[in-house]
Structure formats: C-alpha cells, structure tokens
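Here's the structure, in structure tokens; my notes come after.
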Amino acid sequence: MRPYELIKSKREGRALDPQDIREFIAAYTRGDVPDYQMSAMCMAVFFRGLNSGELGAWTQAMLESGEVLDLSETPGVKVDKHSTGGVGDKVSLSLAPLAAACGVPVPMISGRGLGHTGGTLDKLESIPGFRVDLSVADYRRLVREVGACLIGQTATLAPADKKLYALRDVTATVDCLPLIASSIMSKKLAEGIDALVLDVKTGSGAFMKRLEDSRALAKTMIGIGTAMKRKVTALITDMDQPLGRAVGNALEVIEAVDMLRGQAPEDYTEVTLALTAEMLVLGGKAATAQQAREQLKRAVDNGSALRKLKEIVQAQGGDPRAIDDSSRLPQARATSDVLAPSHGFVTGIDTEGVGLAAVALGAGRQRVDSLIDPAVGFTLLRKVGEPVKAGEPVVRVHYNNEGPLKDVKERLLAAYRFGPQAPAPRPLIVERLE
C-alpha cells in the first residue's frame with residue numbers, strides 16, 4: 001500500500017480496495033503516514049465520497065485501531081447517545097444522569113469542540129476537578145457502580161479517530177458525511193454499547209444544514225450499526241437556532257442543572273426528554289416512549305436525576321458542590337449586551353455564526369492547541385419568534401478579555417435577523433428513523 005497512489009486514486013474518483021484502506025489507517029495510527037497525507041486523503045474523500053464497501057472498511061479499521069471494550073460484567077442493555085454537534089447543545093450533561101437514574105447503564109465517550117460547535121468534554125471540564133481522562137478500568141468500574149461514565153477517547157480506544165478528529169477540525173473536512181459517520185460509529189462501537197440513540201442535527205448550526213443530508217447521515221450510521229449488530233435509533237432535531245439559551249461551557253453546565261430541576265428552556269428540555277426516552281425503550285426499561293417520559297418526569301420531580309449527576313461528578317473527581325452552587329463554576333468578570341436595532345420580532349438566527357462568535361470569544365478552539373476559557377459565552381435573551389424593542393438586549397456576552405469583544409458583538413448582531421412578523425415555528429423533532 002503506497003499512500004500517494006491511494007490518495008491519487010481516491011482523488012480521481014476510483015473505489016479503494018478495503019484491505020488498502022485498512023493498511024492506510026493502520027499506518028496512520030502508527031505514525032507511518034504523516035498528517036499531511038491523511039489531510040490530502042480526507043479532502044479527496046470530502047469531494048469523492050466513499051461507497052458502502054469503502055465506508056465499512058474505513059469504519060472497521062478505525063474501530064480496530066485500538067481496544068474494543070467488553071462491558072458484559074455490567075448487567076442490562078448499555079445505551080449511549082451521540083449528537084452530530086450543535087450550538088448550545090448540552091443534552092449529554094442532563095441525558096446521562098437521567099437515563100442512569102432510570103436504570104439504563106450509560107457508557108459515554110465524548111468529544112471536544114469541533115469547528116463552530118461545542119464539546120461535551122469541554123463543558124464537563126468547567127466543573128472544578130472533573131476528570132475526563134480516566135483509565136479504561138475506571139471507566140468500566142463507574143459504568144458498573146454508578147451507572148454512567150463520561151470520558152474522552154483514551155490512547156487505546158479508536159486511536160485512529162482521536163488523531164483524525166483533531167486533524168479534520170483544522171483542515172476544513174469536518175462536514176463530510178462518510179468521515180462523520182465513520183468517526184461517530186467507530187468511537188461508539190468501541191466503547192462497549194449494545195444500543196445507540198443518534199441526535200442528527202439539521203439547520204444553520206448543524207454540519208448537515210439540509211434535511212436531506214441529515215437524513216442521509218442518519219441512515220448511513222444506522223446502516224453501519226445494523227451491519228455490526230447494534231440497535232440504533234435516530235432523531236433528526238432542529239439546529240436552526242441554538243438549543244436553550246446558554247452558549248459557553250460553564251454557562252451550559254448551569255442550564256443542564258436547571259433542566260434536571262425542571263427549570264430549563266422548553267426546547268432544550270423537549271429534545272433531552274425525547275432522546276432519553278428512546279434510550280429507555282432501547283434499554284428495555286419502558287415499552288413505549290410515553291411510558292419512558294413518565295419515568296423521566298418522576299426522576300426529575302423526585303430529585304433522583306440531579307442526585308445521579310452529583311454522583312457522576314464526584315466519582316470523576318469533580319466538586320459536586322458546584323452543581324448546587326454555580327458560583328463555584330468559572331465566572332466571567334464582566335458582561336456586555338447586544339442591542340436590537342429595531343422593533344419587531346426575531347425572525348431567524350444564523351446559528352453557525354453564533355458558534356463562530358463563541359469561538360472568537362474564547363469558548364471554542366481556533367486551533368488544535370488553543371486554550372478554552374470555560375467562563376465565557378452568551379445568554380440568548382431573545383430567540384426566534386420572540387418580540388423585541390429597539391435598544392432592548394437580545395444577547396448578553398459574558399467575557400474576560402475585552403480584545404475580541406467588539407468583533408464578537410458585531411458577529412452576533414449580524415447573526416440575528418429581525419422583521420415585523422414572527423415566523424411560523426419549526427418542529428424541534430423533525431423526524432425519527434430506526
């Protein structure tokens with residue numbers, strides 16, 4: 001297998017031999033194929049795609065680049081959820097304790113911010129002391145004893161994907177259907193799950209902005225899961241505006257805690273409940289989504305979901321007091337408001353633009369080695385369909401460094417659209433596939 005010939009072959013649109021794909025990814029994992037050649041291959045795949053045979057080989061090679069975990073010592077059906085990424089998407093922070101509180105074991109290997117989207121690991125690490133770099137042994141133990149564990153990829157779990165994930169972020173190959181599907185499924189299948197719920201975003205803040213592309217991605221991942229004998233359900237959910245009102249790592253932790261208290265924004269609450277209900281059904285804890293929702297409501301009302309979150313935080317080295325006292329989370333030193341230019345309604349939000357503004361503020365990464373400021377971010381005071389008056393605040397910016405503030409506020413104002421009439425509401429749950 002010669003990397004140059006393989007890259008050229010894919011660039012010219014020819015199908016690659018599955019064995020060559022496996023050797024190429026194995027060589028990349030070892031370091032024998034350098035980043036610049038993998039970058040060229042990713043760009044070739046971006047434009048030429050992978051057929052089903054190539055995609056299966058690519059995913060299998062990513063999966064087998066490291067250890068595939070066995071969680072059979074944990075009783076029950078192990079179920080995880082994966083989101084394709086959005087702005088303000090803190091669902092995992094509330095979903096994992098909710099599902100675990102209802103008896104579904106949740107082994108969750110998550111990622112960091114990618115492009116304009118936030119990352120679950122970055123949000124968790126804004127909780128003082130929280131560790132996402134646990135060993136595989138600790139991961140197994142916490143899934144068994146606590147009922148959930150949320151970690152990042154270890155050196156032994158899908159190491160090819162770990163390398164590739166960071167590379168795609170800085171080479172404009174994030175929004176590529178086969179690379180997204182293989183990344184997600186190789187990582188998820190390596191973590192020891194029996195079933196998976198997919199949250200495939202669609203809209204201006206999603207990597208797949210058109211519904212037909214989101215549907216194609218969902219079907220591709222379901223196909224990979226089915227071929228590997230896993231139960232997979234997908235919900236296509238709206239990302240045409242940020243989810244909830246908080247954007248930024250510590251700010252999103254606060255909103256996730258609010259959700260477990262029954263006090264979060266309606267859209268974030270609904271998406272979280274819909275996805276967690278699917279997990280309970282796949283996990284055999286409820287016969288229908290309606291029965292699952294009743295269980296979830298009880299877990300919120302009786303406080304067991306919030307207690308489970310504190311248990312997870314403590315088990316992973318974090319300070320559980322930060323869940324009850326948000327002042328223990330990182331705090332921005334100042335705020336500044338973006339003001340509405342006219343009377344009327346918010347008619348639309350360029351959600352990707354909001355995500356890029358968060359990156360510019362320091363809440364996300366502009367480079368692989370960029371440091372994140374966990375305290376900074378936005379509170380969306382007005383969302384699509386809500387009335388505004390001229391001079392009224394629509395977004396509150398939480399910042400530490402004044403340097404990027406002017407640019408960030410200009411980006412946010414440019415992302416908002418205003419008009420004389422409220423638009424028709426979009427459905428939050430667009431479609432369900434299995």
Side-chain angles (χ1 to χ4, degrees), residues 1 6 10 14-26 28-29 41-42 45-46 48-72 76-85 105-111 153 156-162 164-165 168 175-201 207-208 212-236 275 278-279 281-284 431-434:
M1 186 280 302
L6 217 59
K10 176 47 62 180
R14 293 194 291 272
L16 304 181
D17 180 86
Q19 182 60 32
D20 285 343
I21 291 174
R22 286 191 287 270
E23 290 180 12
F24 180 77
I25 290 177
Y28 174 64
T29 306
M41 176 62 84
C42 287
V45 170
F46 183 95
R48 294 297 192 173
L50 296 173
N51 64 34
S52 59
E54 290 174 299
L55 180 58
W58 189 286
T59 306
Q60 191 75 31
M62 301 266 280
L63 173 65
E64 294 175 350
S65 67
E67 183 179 9
V68 180
L69 296 182
D70 178 5
L71 298 180
S72 57
V77 179
K78 277 69 71 178
V79 189
D80 191 10
K81 182 275 308 181
H82 182 84
S83 167
T84 56
V106 183
M108 186 175 284
I109 295 179
S110 299
Q153 285 174 265
T156 61
L157 291 177
D161 179 66
K162 186 174 183 179
L164 197 54
Y165 195 86
R168 287 167 52 216
D175 49 342
C176 173
L177 190 151
L179 296 181
I180 292 173
S182 60
S183 171
I184 292 169
M185 296 305 293
S186 63
K187 187 165 54 186
K188 292 301 172 183
L189 294 172
E191 67 188 14
I193 58 170
D194 301 307
L196 177 66
V197 176
L198 295 166
D199 180 8
V200 181
K201 302 294 188 186
F207 289 124
M208 299 296 170
E212 55 265 41
D213 294 333
S214 301
R215 187 182 293 122
L217 176 59
K219 289 181 176 180
T220 299
M221 291 191 289
I222 290 172
I224 293 172
T226 301
M228 298 189 179
K229 297 180 172 53
R230 303 296 197 282
K231 295 183 285 185
V232 183
T233 298
L235 297 184
I236 299 178
L275 290 163
E278 296 286 347
M279 293 177 71
V281 172
L282 287 177
E431 202 168 302
R432 179 181 183 276
L433 300 97
E434 62 179 359

Quiz item: Do V45 and E54 have side chains that get closer than 4.5 Å, going by heavy atoms?
Solution: no
Quiz item: Below 4.5 Å, heavy atoms only, C-beta onward: do L71 and P107 meet side chain to side chain?
Solution: yes
Self-check item: Non-hydrogen atoms of M208 and L217 that approach each other most closely
Solution: CG-CD2, 4.0 Å
Quiz item: Any sub-3.5 Å donor-acceptor pair from S183's side-chain atoms to I180's backbone N or O?
Solution: no
Quiz prompt | Nearest atoms (heavy-atom pairs only) where L55 meets S182 | solution = CD1-CB, 4.1 Å
Quiz item: Where do A190 and L157 come nearest, in terms of heavy atoms and distance?
Solution: O-CD2, 3.8 Å
Quiz prompt | Spacing of D161 atom CG and S65 atom OG [to the nearest 0.5 Å] | solution = 8.0 Å
Self-check item: Nearest-0.5 Å distance, CD of residue E23 to CG of residue D17
Solution: 8.5 Å
Quiz prompt | Trace of the side-chain contact (heavy atoms from CB on, under 4.5 Å) decision for K231 with V79 | solution = CA-CA 9 Å; K231 295 183 285 185; V79 189; over 6 Å; no
Quiz item: Does some side-chain heavy atom of R432 sit less than 4.5 Å from a side-chain heavy atom of T233?
Solution: yes
Practice problem: Hey, could you give me the NZ/CE distance between K188 and M221, rounded to the nearest 0.5 Å? | Solution: 11.0 Å
Self-check item: Side-chain heavy-atom pair I236, L433 within 4.5 angstrom cut-off
Solution: yes
Quiz prompt | Sole residue of T84, I184, L235 in side-chain contact (heavy atoms from CB on, under 4.5 Å) with L198 | solution = I184
Quiz item: What is the minimum heavy-atom distance between A234 and A218, and which atoms define it?
Solution: CB-CB, 4.0 Å
Quiz item: In Å, rounded to the nearest 0.5 Å, how long is the span from CG of L179 to CE of M41?
Solution: 10.5 Å
Practice problem: Work out which heavy atom in G85 is nearest to a heavy atom in K201; give both atom names and the distance. | Solution: O-CG, 3.5 Å
Quiz prompt | Beyond-backbone contact of M228 with L63, side-chain heavy atoms, under 4.5 angstrom | solution = yes
Quiz prompt | Residue E434 excluded, over 12 heavy atoms near CD under 6.0 Å | solution = no
Quiz item: How close do R168 and C42 get, heavy atom to heavy atom, and via which atoms?
Solution: CG-SG, 4.5 Å
Quiz item: Only one of I193, D194, V197 forms a side-chain contact (heavy atoms from CB on, under 4.5 Å) with D80, so which one is it?
Solution: I193
Practice problem: Any side chain to side chain donor-acceptor pair (under 3.5 Å) involving residues 212-226? Give me the pairs, sequence neighbours left out, ordered by first then second residue. | Solution: T202-S214, R210-E212, R210-D213, R215-E431
Quiz item: Rounded to the nearest 0.5 Å, how far does CG of L282 lie from NZ of K78?
Solution: 14.0 Å
Quiz prompt | E191 side chain vs I109 backbone, donor-acceptor pair below 3.5 Å | solution = yes
Quiz prompt | 4.5 Å side-chain heavy-atom contact, W58 and I25 | solution = yes
Practice problem: Can you measure from NZ (K187) to OG1 (T59) and round to the nearest 0.5 angstrom? | Solution: 12.5 Å
Quiz prompt | Non-hydrogen side-chain atoms of D199 and H82 separated by less than 4.5 Å | solution = no
Quiz item: After noting the C-alpha distance and the side-chain angles of K10 and L6, does the key distance pass the side-chain contact (heavy atoms from CB on, under 4.5 Å) rule?
Solution: CA-CA 6 Å; K10 176 47 62 180; L6 217 59; over 6 Å; no
